[in-house]
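Count residues from 1 along the sequence. These numbers come from the heavy atoms of this one structure, side chains and all, not from hydrogens, waters or symmetry mates. Both counts, for ligands and for their atoms, begin at 1 and track the order of listing. Here the structure is a predicted model, which means the values were calculated and not measured.
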Amino acid sequence: MDRKHILIFDTTLRDGEQAPGFSMNIAEKLEMAEILEALGVDVIEAGFPVSSDDDMTAVAEIAKRVSCGVAALARAREEDILTAAKALSAARKPRLHVFIATSKIHMEHKLHMNEQEILEAVFKSVGLACSLCPEVEFSCEDATRTNLDFLKRVAGTAVEAGASIINLPDTVGYATPTETYGIYKSVMGEVDPEGRVLFSTHCHNDLGMAVANSVAAVAAGARQVECTLCGIGERAGNASLEEVVMALRTRNDFYQAETGIHTKLLYPACRKLSSVIGISTPPNKPIIGVNAFAHEAGIHQHGMLSNRATYEIISPEDVGIPKNDMVLGKHSGRHAFEQRLSELGIRMDKEELDEAFEMFKMVAERKKAVTDKDLHAIAGEKRRSIGKGFRLIRFIVNSGNTIPSMASVKLERDGRETEDSCMGSGPIDAAFKTVDRIVRHTKGYESLTYSLEDYSINSVTEGEDALGEVLIKLRSEGVVYTGRGLSTDILEASLKAYINGVNKLLTI
Ligand code: KIV
Ligand code: ZN
């Protein structure tokens with residue numbers, strides 16, 4: 001049997017980003033779009049242009065920047081479709097993605113439309129989209145809770161109007177894999193018996209079945225999977241790209257399908273996303289979690305030593321998880337550092353490299369061994385074009401369980417150094433309050449308001465000298481800014497993360 005090629009339609013920047021807590025600014029979306037393109041996704045769904053000026057700009061800028069497909073979402077309404085087409089005007093491979101809900105509950109309670117009105121809206125909107133864009137995808141929102149006969153009529157109408165891709169989303173994550181398989185077989189068999197239309201799947205994870213449902217649709221004949229990095233998205237999220245890709249690859253004996261994803265870039269891409277949105281990865285997350293390849297039980301370790309395949313169905317190297325062997329130390333020079341980065345596929349410009357090397361030297365002074373994981377973390381910190389402004393020069397924190405915490409922090413900005421101090425309810429609170437004081441004493445920022453919304457700390461590697469990574473979220477005027485800081489000292493990592501977040505707030 002021939003292998004089917006499955007298109008990966010990434011919606012991290014649209015369905016993923018629209019969920020609360022995962023928002024990205026335009027610079028971050030552009031950075032992620034480049035990473036997605038390098039990863040090998042076929043289409044990037046870049047936004048929902050009519051929903052905001054930011055989405056309009058993000059789609060237009062991403063369309064200019066990448067050469068893979070770029071999709072823009074539109075409801076089955078004229079204004080949405082015209083706006084989406086405009087946003088896509090510079091795209092090399094534009095795709096207009098039109099949707100309308102087709103389940104009884106959505107039609108009655110959200111759209112207040114009957115079946116005939118839905119069919120008319122589909123025909124009209126898909127026709128308009130086809131007159132403006134060479135490739136049109138149509139989605140029946142809440143397809144898996146839609147009456148099957150009506151679903152077929154809607155899909156047939158969209159095909160008749162010119163859509164070449166039909167998507168049957170499991171919008172509320174309600175379907176089971178067996179049902180999904182049946183729905184695809186039935187709709188495809190009736191609407192497109194000759195196999196001219198590309199059927200797509202788009203599953204949400206409310207019952208933890210998004211990936212299982214996506215691959216069930218592939219088994220039934222779907223040739224495009226819509227998914228997001230790390231599975232981010234509304235509520236429990238979307239099908240996770242890395243899981244779908246590795247499921248198809250690892251079980252290609254069963255699915256007989258392949259994707260164009262460069263799997264060795266999966267781990268770095270997911271890490272980048274988690275640092276951009278300020279969310280850390282759960283340790284047991286398949287493919288990219290720290291425990292995904294850890295073997296603690298003695299019996300497992302014994303098996304692994306005689307043959308890795310006893311307990312390992314994917315090798316960590318295949319998904320780009322860096323080895324944790326010592327690679328560099330404090331005596332390693334710039335040449336060895338640059339060479340190892342290039343072996344790891346990490347590209348940086350000269351200025352970023354200079355800064356990354358400085359940071360490497362600092363880490364190497366404090367840590368016995370600098371591993372590939374550390375290098376990825378260092379590169380992740382330095383390869384960011386935004387967040388310049390205040391810089392940490394030094395800090396002193398005095399704290400204990402019987403005394404109030406007191407911090408003194410010195411920051412530099414545009415060549416001017418400022419030092420201040422503050423008390424707080426703990427060492428981190430005192431340090432952050434001191435940064436706030438310095439920022440608010442800076443000309444132009446006196447009335448700046450923001451609050452700390454989230455704080456998390458993770459260790460990049462194991463051991464007592466491990467690098468700690470702090471992720472924070474600041475909220476200002478309804479917008480969330482993430483900050484990331486890295487150090488072997490958690491107070492320093494926390495301050496760097498906080499200052500990074502503040503700098504983003506000031507520059508964006
Ligand atoms: O989940 C969903 O139904 C969607 C559509 C807009 C494709 O995201
Ligand atoms: Zn969705």
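A side-chain hydrogen bond (donor to acceptor under 3.5 Å, both in side chains) with Asn238 is found for exactly one of Asp10, Thr228, Asp15, namely Asp15. Partner of Glu45 under the side-chain hydrogen bond (donor to acceptor under 3.5 Å, both in side chains) criterion, out of Arg95, His202, Arg14: Arg14 alone.
Some N or O of His202 is nearer than 3.5 Å to an N or O of ligand 1, by distance alone. Checking only distances, His204 does come within under 3.5 Å of ligand 1, N or O to N or O.
In this structure a side-chain-to-backbone donor-acceptor pair under 3.5 Å is missing from Asn147 to Leu151.
Within Asp15, the N/O/S atom positioned nearest the Zn ion (ligand 2) carries the name OD2.
For ligand 1, the atoms sitting less than 4.0 Å from at least one non-hydrogen atom of Thr171 are 1 (O), 2 (C), 3 (O), numbered in the order shown with element in parentheses. Atoms of ligand 1 found under 4.0 Å from any heavy atom of Pro169 (numbered from 1 in listed order, with element): 2 (C), 3 (O).
At the Zn ion (ligand 2), the vertex angle linking NE2 of His204 with NE2 of His202 is 100° (nearest 10 degrees).
Closest protein heavy atom to atom 5 (C) of ligand 1: Arg14 NH2, 4.0 Å.
When the heavy atoms of His97, Arg75, Glu234, Glu141 are ranked by distance to atom 7 (C) of ligand 1, first place goes to His97.
Crowding of Tyr450 atom OH: a count of heavy atoms from other residues, nucleotides or ligands under 6.0 Å exceeding 12. In this structure, Lys104 places its NZ atom where only 12 or fewer heavy-atom neighbours from other residues, nucleotides or ligands lie under 6.0 Å away.
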With side-chain contact (heavy atoms from CB on, under 4.5 Å) as the test, would you mind laying out the steps for Leu341 and Leu375 before giving the verdict? CA-CA 7 Å; Leu341 287 188; Leu375 291 178; 4.3 Å; yes

